[in-house]
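A short worksheet on the structure shown next.
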Protein chains: 4
Amino acid sequence: MTRERIIAATSKVLAEKGYDATTLREISREAQAAPGLVHYYFGGKDQLLVEVLQEAGQRFNQTMKLLVQEVPADQALDAFLTKLYERVGQEPNVYRLRYESFSLGLHNPLIEPKVRERLAQRREEIGSVMAKVLESDTKGSAIDPNTLASLLLPLFDGLALQKIMDPTFDLDASYQLLARMLHSLLSHAGE
Amino acid sequence: MTRERIIAATSKVLAEKGYDATTLREISREAQAAPGLVHYYFGGKDQLLVEVLQEAGQRFNQTMKLLVQEVPADQALDAFLTKLYERVGQEPNVYRLRYESFSLGLHNPLIEPKVRERLAQRREEIGSVMAKVLESDTKGSAIDPNTLASLLLPLFDGLALQKIMDPTFDLDASYQLLARMLHSLLSHAGE
Amino acid sequence: MTRERIIAATSKVLAEKGYDATTLREISREAQAAPGLVHYYFGGKDQLLVEVLQEAGQRFNQTMKLLVQEVPADQALDAFLTKLYERVGQEPNVYRLRYESFSLGLHNPLIEPKVRERLAQRREEIGSVMAKVLESDTKGSAIDPNTLASLLLPLFDGLALQKIMDPTFDLDASYQLLARMLHSLLSHAGE
Amino acid sequence: MTRERIIAATSKVLAEKGYDATTLREISREAQAAPGLVHYYFGGKDQLLVEVLQEAGQRFNQTMKLLVQEVPADQALDAFLTKLYERVGQEPNVYRLRYESFSLGLHNPLIEPKVRERLAQRREEIGSVMAKVLESDTKGSAIDPNTLASLLLPLFDGLALQKIMDPTFDLDASYQLLARMLHSLLSHAGE
DNA sequence: GATGAATGAGGATTCATTCAT
DNA sequence: GATGAATGAATCCTCATTCAT
């Protein structure tokens, strides 16, 4: 119970303040728990933060996976993009934690492989969606679904960052153009 | 002279360790300067780091701008992409500082507007390149060059992040597919 | 417990060294406590020192108040002076902290009003004692007890300073002459 | 020339900020002189500040001495008090430096004897004035002029402090009552 | 005579961490 | 299981002081 409160408090503070600026004191205040408890449960600050970030990453991947599976096959591409688009605006904290995770991986050699692995995993998921799309849509396309995924994942993440840093950023227009590009690509892929 | 050494040392440490983990002690050691000098010249740790990040951001934008202008108009698109592609692999630190700047803007309300502004500025530059490309390439295209730029900038940044976090990431393939997508889009834009 | 030790140590060091020359290191050494504890309990150096000085000032006023109340009404004046006289010689540190408080108020706009207020409060107390003395002693005196107090308080403080700075200063003679002056004033006040 | 500017700047900053809070940087800025010059001319911060304080003390004593000598003998007492009274209101900085000097003497064993000496010297001067007053005014008074001076000096200093700390303090009333007390004492001294 | 860049010791402060209860 | 007082290493920062020019 207290453990969960600490994790929730950590997520919140972490998304707001960032890794280093997050203090155990603020977490314990937010969670209404004794400062010493963090060590009792998690062993230390780094362990706690990494665990929370890790978990958030897995939840992110998991949610995205489910989000795709719900989508009917015949309208896969558009539905997929729509889902993603909605998600960015609704849960900015999810993306904030995501960037915190990238930021951490960029400087912490111990965390880096885990982040890299989650990125690869995510590309594969997108790749498998794209595989379906390419299959149903094209006749002998030369497009590799994994390469396409390697283009789409960074694009989604990049777009979300733009939107978070600049609320006036027209995410909608970007997604519409993206949809157009993808359709254009798919319908002429064999040429 | 010493001032420049401090700036150089800061860039290096900052790209390696990240904003918070960067200590004045390490900077002064790397720059072979007295610790107090940072305050003498810059007024404090934050001022120094922000100034360095700011400057790096402006240099980034400036370099990119020049890089575009060198390119002959008739082969604008491919040349443009090629330049960008080369840049990511060659100067990872430039991108590391770039992400550090994003990360800082994400948590520091004072820095955020400056980062946002640089992003907007960069989108405009890419937009003006795209305007040229769209002009020469299409007959009555309905594509807005700025929207296209709003898609390309986050994509470039996102791709660079993938490459930095995962050296085995096939940046080349992604850029080739991107080129294909753009060509496909342009040549059928009026349809 | 530790908190009290820190306060005691602060009083000691403060009286010896003065506000600015007092370091947390010396306080923590004297109190046999960790340096960080000062911030844990008091929030910082200034808060600690101000609190100690404030408290010393209130204790000073309080002690003086009690000291007056113990005195029988018929011998009020002489007894009052005697008490004050004894106090100066016995507890020089009380007066050292008092001057430290004045010194702080002289340069710190935040502290100044508090010091001023304590001075006014003290004058009033002396004034009420003088009111009694004037009542019993005189027939239609034109002497305002508060004005008399406005003369006596600075005189007491000034005399204490002389004594502290110069142990050979003949405080006794001064107090005897003062008593003579007061008696002379009172017995001929109506003239 | 520059030397004088430094001394003037030091007096100003010292009266405002107090001994410890006075920095050479602020002095050099105020005096529009290079920071290194303080050492060039005075040998260091402490030497400069002590010299300035010393000089201010001597000027104080000197001014007071002259002030007394101008006064005609037959109206010595009242004129003397009037002069003092006027001085307090007109030049608060003179008194601020005076208290700074006391404050320094209270904590610095090297300065203390000098301050003590100036106090003694000042008492003697007041004593010699009182000697004249007592002579002309009384028939075989038992009042020691030096003892009286030992009462008056701390009183003057104490009153000035009250006035500086509390601008609403009625210094006028205090001085009038003091005059009354002194006259009362003198005219009945032999009783 | 004068400058101001450079030094480095010493200060306050923060914060993860520990441990007796 | 839980507490929170206490620790102390590490950080930023200030400032008198020096010295080459």
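These figures come from a predicted structure and were not determined experimentally.
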Between CG of A:Leu37 and P of F:dG4 the distance, given in whole Å, is 9 Å

B:Phe42 atom CZ is separated from F:dC12 atom C1', nearest whole Å, by 16 Å

Answer whether the closest heavy-atom distance between the side chains of C:Pro113 and C:Arg116 falls below 4.5 Å.
yes

Under a 4.0 Å heavy-atom cutoff, the residues of residues 11-34 of chain C touching DNA chain E are C:Thr22, C:Thr23, C:Leu24, C:Arg25

Output field dot_bracket for DNA chain F (Watson-Crick or G-U, both distances under 3.5 Å, | for other-strand pairs) contains .||||||||||||||||||||

Taking for B:Lys45 and for C:Thr2 the nucleotide of DNA chain F with the nearest heavy atom, the one nearer the 5' end belongs to C:Thr2

Whole-Å distance, B:Ile6 CD1 to E:dA5 P, equals 12 Å

Review point. Can the ring centres of C:Tyr99 and D:Tyr99 be said to be less than 6.0 Å apart?
Key: no

What pairs of donor and acceptor atoms, side-chain ones from residues 50-59 of chain C against any protein atom, are under 3.5 angstrom apart with sequence neighbours left out?
unit_1, atom_1, unit_2, atom_2, d
C:Glu51, OE2, C:Arg3, NH2, 2.9
C:Gln54, OE1, C:Arg118, NH1, 3.4

message = Under a plain distance cut-off of 3.5 Å, with no hydrogens placed, do D:His107 and C:Glu100 share a side-chain donor-acceptor pair?
response = yes

Exercise for review: Kindly indicate whether the side chain of B:Thr23, heavy atoms from C-beta on, has any atom under 4.5 Å from the side chain of B:Arg25.
Suggested key: yes

Only one of A:Thr10, A:Thr22, A:Leu14 passes side-chain contact (heavy atoms from CB on, under 4.5 Å) with A:Leu48, and that residue is A:Thr10

Closest to the 5' end of DNA chain E, once D:Pro35 and A:Gly43 are matched to their nearest nucleotides, is D:Pro35

note: B:Tyr40, atom OH; E:dG8, atom P; distance rounded to Å ~ 15 Å

Considering only heavy side-chain atoms of D:His39, the closest of F:dT18, E:dT17, F:dT3 is F:dT18

From CE of B:Met1 across to C1' of E:dG4 the rounded distance in Å is 18 Å

What do you reckon, is CD of A:Gln47 surrounded by more than 12 foreign heavy atoms closer than 6.0 Å?
yes

Pair D:Lys17 + D:Glu26: basic N to acidic O under 4.0 Å:
yes

